[in-house]
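Some notes on the structure that comes next.
Just so it is clear, the structure is predicted and the values come from calculations on it, not from any experiment. Note that these values count all heavy atoms, side chains included, but never hydrogens, waters or copies made by symmetry.
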Amino acid sequence: MSESGRPPSDNSSPPARDGDGTSGAAREPGGGILMGRFFGVPIYVAPSWFLVAALITWVFGGQLDTVLPELGRVRYLVSLFFAIAFYASVLVHELAHTVAALRFKLPVRRIQLQFFGGVSEIEKESDTPGREFVLAFVGPLLSLVLAAVFYGAMQLVDSGTVPGVLLAGLMVSNLIVAIFNFLPGLPLDGGRMLRAVVWKISGKAMTGTVAAAWVGRALALAVLIGLPLLSYRGGINGGSSGSDSLTDALLAAILAAIIWTGAGNSLRMARLRERLPGLQARTLTRRAVPVASDTPLSEALRRANEAGARALVVVDGRGDPTALVRESAIVTVPEHRRPWVAVSGLAQDLTPGMRVSAELAGEDLLDRLRATPSTEYLVVEPTGEIYGVLSTADVERAFLAAMSRAS
């Protein structure tokens with residue numbers, strides 16, 4: 001179905017790099033086919049959507065053959081239209097989340113239509129439980145509104161016609177999306193609403209996340225067990241065939257796995273958020289020595305070794321930093337050539353985004369590094385003095401260590 005977005009704390013990621021040894025994180029993965037933009041937010045259709053669209057077309061086509069047998073093979077064209085219209089409704093659901101997020105000045109990375117609905121990837125966590133509740137509530141609310149609109153339109157057409165059947169299907173599907181997303185467990189919208197309520201009562205966002213995540217896991221077990229039981233009882237009463245029961249069991253297993261995994265990820269990322277303040281620019285920074293641009297690499301490395309430093313900063317005649325010597329470039333120079341290679345040939349010119357305050361920590365640090373991808377950054381004191389050089393590789397290692405502890 002549809003989820004309100006990434007888990008509340010799933011917006012943290014290691015910084016991206018460019019230059020030698022780049023990682024792809026700096027270039028936003030498409031996640032499918034780009035269909036357009038909404039207020040600057042890209043909208044993608046994942047490859048898995050085509051599989052679901054084909055499945056919906058086939059299943060709904062079979063139902064049309066029972067209700068409107070005179071359609072013949074045209075029923076599959078009508079079914080394809082229903083699949084597209086249904087996912088258009090899901091898109092409206094996600095756009096509601098996006099509008100609310102932008103209204104609260106929360107950046108949205110993208111909207112993606114995928115296997116079981118859609119997701120709005122909101123990169124920041126709400127700063128208050130009230131905003132968190134509203135952000136989660138608007139999605140299923142819009143689905144309810146759409147269900148009401150389609151129900152009203154049904155009253156204007158004959159129920160035994162193609163428009164009547166399509167409107168009925170869209171009304172029911174949007175109602176199901178709304179009800180499903182109101183269920184009080186992460187990663188569903190209802191889970192985020194529950195999280196907001198517990199957060200408000202306890203005063204702690206983490207307490208709300210833990211409560212909603214465990215309710216989500218309980219919900220996953222209920223879906224895994226409950227749907228097949230309902231289908232089996234219907235089969236006993238003649239309401240469904242054995243193959244239908246098997247399909248329902250498979251669907252229940254998939255839904256349960258999605259909910260269980262999403263709840264677990266929400267909990268893991270919340271624990272990671274608690275550890276992010278430990279990522280401090282000051283503690284991760286390498287000590288650096290200043291060198292002139294024409295200094296031979298061998299001499300620069302000798303000075304660094306004597307000072308116990310692990311980085312080189314190129315400075316001008318006044319001692320102001322102008323470039324950083326890239327570690328990846330140093331290792332490519334054979335030792336016998338280092339006396340003849342000036343550090344200027346291995347340096348990357350400093351840009352404003354490559355200057356990082358030594359006071360930055362946690363998400364603020366990660367956001368700053370993501371804004372200007374690089375392999376090294378110049379770390380400066382609030383007074384402007386050089387503190388050292390921050391390597392993206394060191395931040396990534398610290399981030400992964402924090403993730404492993406959170407898991």
Lys NZ or Arg CZ of R192 over F133 ring: under 6.0 Å, within 45°: no
Under 3.5 Å: donor-acceptor pair, side chain of D316, backbone of G319: yes
Residues forming a ring-ring contact (aromatic ring centres under 6.0 Å, His included) with W260, sequence neighbours excluded: none
Side chains of E94 and S120, donor plus acceptor under 3.5 Å: yes
Under-4.0 Å salt bridge between E123 and R110: no
Straight-line distance of R286 CZ to L284 CG, nearest 0.5 Å: 10.5 Å
Inter-residue atom distance S298.OG - H336.NE2, 0.5 Å rounding: 12.5 Å
Cationic N near anionic O, under 4.0 Å, R368 to D364: no
From CA spacing to verdict: side-chain contact (heavy atoms from CB on, under 4.5 Å), D294, S344: CA-CA 6 Å; D294 59 352; S344 59; over 6 Å; no
N/O donor-acceptor pair under 3.5 Å between T161 side chain and D158 backbone: yes
R287 side-chain N/O to A307 backbone N/O, donor-acceptor pair under 3.5 Å: yes
Under 3.5 Å side-chain donor-acceptor pair for T209 and R195: yes
Gap separating the CH2 atom of W199 from the OG1 atom of T207, nearest 0.5 angstrom: 11.5 Å
Steps toward side-chain contact (heavy atoms from CB on, under 4.5 Å) verdict (L369, V356): CA-CA 8 Å; L369 301 191; V356 175; 4.0 Å; yes
Compile the donor-acceptor pairs under 3.5 Å between side chains in residues 55-76 and protein atoms, sequence neighbours left out, one pair per line.
from	atom 1	to	atom 2	distance (Å)
T57	OG1	A53	O	2.7
R75	NE	G61	O	3.2
R75	NH1	G72	O	2.8

Side-chain donor-acceptor pair present, H93, N174, cut-off under 3.5 Å: no
Distance, nearest 0.5 Å, that separates CZ of R310 from CG of N305: 11.5 Å
Backbone of T372 reached by a side-chain donor or acceptor of Y377 within 3.5 Å: yes
Stepwise side-chain contact (heavy atoms from CB on, under 4.5 Å) check, L102 with T98: CA-CA 6 Å; L102 296 177; T98 297; 3.9 Å; yes
Within-4.5 Å side-chain heavy-atom neighbours: V215 and L194: yes
Residue pair L113, Y44: steps toward the side-chain contact (heavy atoms from CB on, under 4.5 Å) verdict: CA-CA 6 Å; L113 298 180; Y44 293 96; over 6 Å; no
Heavy-atom side-chain proximity of L91 to F38 below 4.5 angstrom: no
CZ-CD1 distance between R355 and I386, expressed to the nearest 0.5 angstrom: 8.0 Å
Short side-chain to backbone donor-acceptor contact, R338 and V333, under 3.5 Å: yes
T392 (side chain) donor-acceptor with S374 (main chain) under 3.5 angstrom: yes
Point-to-point distance, once rounded to the nearest 0.5 Å, from CD1 of I176 to OG of S143: 11.5 Å
